[in-house]
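Note sheet for the following structure.
Just so it is clear, the model here is predicted, and its values are computed rather than measured.
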There are 2 protein chains.
Amino acid sequence: MPKVAIIGTTIWGVTLGVVLSGNKVEVGLWARTEEEAAELEKAEHHSGALSDVTFPTSLSITSSLEEALAGAKAVILAVPSQSMRQNMKTVAEHLDGSILIVSAAKGMEVGSNKRLSEVIADEINPDFWPNICVLSGPNLSQEILQNLPAVAVVAAEGEAVVRKAQRLLNTPSLCLYTNTDVTGVELGGALKNIIAIGAGITDGLGYGDNAKAALVTRGLTEITALGVALGANPLTFSGLTGLGDLIATCSSPLSRNHYIGVELTKGRPVEEITGSMSGVAEGLNTTVVAHNLASQLGVEMPITEKLYQVLYRGLSPRQAALELMEAQAGHELVGRRWQLFSLFKR
Amino acid sequence: MPKVAIIGTTIWGVTLGVVLSGNKVEVGLWARTEEEAAELEKAEHHSGALSDVTFPTSLSITSSLEEALAGAKAVILAVPSQSMRQNMKTVAEHLDGSILIVSAAKGMEVGSNKRLSEVIADEINPDFWPNICVLSGPNLSQEILQNLPAVAVVAAEGEAVVRKAQRLLNTPSLCLYTNTDVTGVELGGALKNIIAIGAGITDGLGYGDNAKAALVTRGLTEITALGVALGANPLTFSGLTGLGDLIATCSSPLSRNHYIGVELTKGRPVEEITGSMSGVAEGLNTTVVAHNLASQLGVEMPITEKLYQVLYRGLSPRQAALELMEAQAGHELVGRRWQLFSLFKR
C-alpha cells in the first residue's frame with residue numbers, strides 16, 4: 001500500500017487523510033503536538049465537521065514528523081497559507097528527489113505576494129522543484145466527509161509528475177483531473193475566496209440570486225484578469241478550480257469566507273467575526289495580496305478594491321455597494337474590461 | 001414618454017411591463033382576450049409572483065394589438081418559444097422600419113432548431129432585420145418584481161440599434177449592458193435551462209454543492225462548445241447571459257427547469273410534472289433542439305445527451321448519473337473537450 005504524509009490537522013488536512021486512507025493508501029497525518037495527536041485519535045473527541053467521522057485504520061496520526069514522512073510517496077501540505085513557509089522549512093530537511101510535494105492550501109502569502117507553490121519552492125532544494133504539485137477544486141470538506149461525490153484538479157508543471165500524482169491521490173469519491181497550468185489552478189482556488197466574501201455581503205444585504213449571479217460573473221472576470229497578468233491560462237479559470245470552486249464557495253453556507261461577508265453586513269468588525277470563528281478565512285489575506293498585485297500590475301479589480309476598503313479601510317458594505325454603482329453599464333465584452341454595473345443601485 | 005409594447009402575459013412579460021412602466025416609459029401590454037386583460041387589470045386577482053404587485057398607471061393592458069402597438073418605439077416578445085412564430089405572424093403586419101423588435105424569450109424552436117431571433121426574422125420584412133434585438137441575463141422575475149437589483153444584456157447586430165435599445169429599456173433596477181453577439185447572448189439564455197434541469201437532478205439526488213458546482217462548470221463548457229459551433233463568441237458564455245444566467249437558474253428554487261430536475265428524481269414522469277406546473281419550462285424543448293444540433297454538428301454534449309435520454313427515452317436520473325461516471329478523468333484543458341468525470345460515482 002503506497003503511503004502519503006499529510007502536514008496540517010486543518011479540517012481539509014484531516015478530510016484528505018480520511019478520503020485517501022479509505023482508498024488503499026496508507027496515511028501518516030502529522031500533528032504538531034502529542035496532545036493534539038492523541039485527541040484526534042479518539043473518535044469521541046471529534047466535534048463539528050468531524051463528529052460523525054470514524055478514521056480508517058490505515059490513517060495514523062503522529063506528532064513525529066519522521067514517522068509521518070517515513071516511506072511516503074507524497075507529502076500534502078494542508079496548512080493555513082501564512083504558515084506554509086514555516087511548515088516547509090520544517091519539512092524540507094526530510095525530502096528526497098522522489099517525493100511529491102503537494103500544496104492543498106488555497107491562499108497567498110502576505111508580504112511576498114507569492115503563490116504557495118512559490119513559497120514551497122523558496123524553501124526546498126531546486127532539484128525537487130519539478131515535484132511540486134497543487135491540489136484544488138470545488139471541495140467543501142463537510143460534503144467530502146459525507147462521501148458525497150466531488151472532483152478536483154491536481155496540477156504540476158510536468159505531465160509525468162502530474163500523472164503520478166493523479167494515480168496516487170485519485171479516489172472514487174474525490175476524482176482527480178490533471179492540469180499543467182499550476183499558476184492558474186492555484187490562483188483560482190485562492191482568489192475565489194475574495195469573491196466569496198462579496199457574495200456573502202450580497203446575501204447579507206438581501207439582494208437575491210440575480211444580483212449574486214451578476215457579482216459572481218463579474219468576480220470571475222476580474223480574478224481571471226489578474227491571473228492572466230500573472231501568467232495563467234484564462235481557460236483554467238473557466239474550469240473546476242476557477243468557476244467550479246467559485247460556485248461551490250459562493251453558494252454554500254458552509255464557506256467561512258461567505259460567512260464573513262454575511263456578518264460584515266450586520267455591522268460587526270472583522271476582528272470580532274474572525275475571533276469567533278474556528279479555522280482561517282483565507283479570503284481576508286488574499287484580498288490584501290490581490291489588491292497589491294492588481295495595483296502593481298495595473299489590473300482593474302473593482303470588486304476586490306471595494307472589498308479591500310470594506311475590510312481594511314472602514315468602508316461600510318452598503319456604502320461599497322452604492323459606490324460600485326457609479327460606473328455606467330457599457331458593452332459587455334469590450335476588451336474583457338467590463339465596467340461595473342449598477343448592481344447595487346436601489 | 002416613449003412607449004413600449006409587450007406581447008405576452010407570461011410572468012416575464014408582465015414583469016418587464018411593471019419594471020419599464022415604473023421608469024418613465026409607457027407600456028402597452030397585449031393580452032390575447034378581453035377577459036385576460038380585465039383579470040390582469042384587477043390587482044385583487046393577482047396571485048403567485050404577482051400577488052403583491054400593483055401596476056403603475058403608465059402600464060395599460062389591452063386585448064387590441066393595434067392599441068398596444070400604437071406609437072411604440074419597441075415591441076418586446078415575451079411568449080413561450082414554441083408560440084413565437086405564430087405571435088410574430090400576428091405582429092408582423094403592424095411593424096414599420098423604426099420599431100425595435102426585442103425577443104425576451106429563452107428557448108429554441110423545435111423542428112426548425114432555430115434561435116428565436118431567427119424565427120422572428122423568418123416572419124418579418126427583411127428590411128426590418130437590423131431592428132431585431134434580444135434581451136437576456138440572470139433575471140428571476142420574482143426578484144425583479146421585488147425591486148431587487150439585477151443586470152441584463154440587450155444584443156443586436158448593429159451598435160447603433162443596440163445603443164438605442166439600451167437607452168429605451170434601461171432602468172435603475174434592471175441595468176442593461178450591450179453586446180453585438182446576438183447568437184451567443186440568445187444561446188446562453190436558452191441552453192442554460194438544460195443544465196438547470198441537470199442541477200435539479202443533482203440536488204434531488206442529494207449530491208451536494210461540490211457535485212453541483214462541477215456539473216455547472218462542465219455544463220457551461222458543453223453549451224459553450226455548441227454555441228461556438230453555431231457561430232457565437234465563446235466569451236459571451238462567460239458573461240452575464242451565459243455563466244451569470246446559469247448560476248442564477250441553477251441556484252434558485254424559483255427556476256421551473258431546476259424544479260423539473262428535482263421532481264424527476266422522485267420518479268415522477270415528465271408529463272405529470274409539467275401538467276401540475278404553471279408556465280412553460282423551456283429546458284424540455286431546448287434539450288431536444290440541442291440534442292439534434294449537437295448530433296448534426298458533431299459537438300460532444302455528454303450532460304445534454306444523458307438528460308435527453310432521461311426526459312425522452314425512459315432512462316432513470318440515477319442511472320444517467322451512473323453512466324456519466326464511465327469516462328475517466330483526464331487532463332482538464334485538452335482541446336476544451338473535457339471528458340466527463342466520475343461525478344456521480346458512489
task = Could you tell me which non-hydrogen atom of G206(B) sits nearest to which non-hydrogen atom of L148(A), and how far apart they are?
result = O-CD2, 3.2 Å

note = Between L243(B) and L243(A), the two heavy atoms sitting closest are CD1-CD1, 3.1 Å

task = Would you please go through residues 187-197 of chain A and name the residues with a non-hydrogen atom below 4.5 Å from one of chain B, in numerical order?
result =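 So far as heavy atoms go, nothing in residues 187-197 of chain A approaches chain B to under 4.5 Å.
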
inquiry  = Tell me which of these, V154(B), T249(B), N139(B), has more heavy-atom pairs under 4.5 Å with chain A than the rest.
reply    =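 Option with the greatest count: N139(B).
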
query = Using a cut-off of under 4.5 Å for heavy-atom pairs, which of G242(B), A213(B), A248(B) has the most such pairs with chain A?
reply =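 Option with the top pair count is A213(B).
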
query = How long is the span from the OG1 atom in T217(B) to the CG atom in L246(A), to the nearest 0.5 Å?
reply =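 Taking OG1 in T217(B) and CG in L246(A), the distance rounds to 9.0 Å.
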
ask   = To the nearest 0.5 Å, how far apart are CD1 in I247(B) and OG in S251(A)?
value = 9.0 Å

task = For residues 193-204 of chain A, pull every pair meeting salt bridge (charged side-chain N to carboxylate O under 4.0 Å, His left out), keeping only residues two or more places apart or in separate chains.
result = D203(A)-K212(A)

query = Are the side chain of N210(B) and the backbone N or O of L140(A) linked by a donor-acceptor pair below 3.5 Å?
reply = yes

message = More than 12 heavy atoms of other residues, nucleotides or ligands under 6.0 Å from CD of E157(B): yes or no?
response =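 Incorrect, the count does not exceed 12.
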
query = Tell me, do R218(A) and V151(B) make a side-chain contact under 4.5 Å, heavy atoms counted?
reply =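 A side-chain contact is absent here, since even the closest heavy-atom pair is not under 4.5 Å.
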
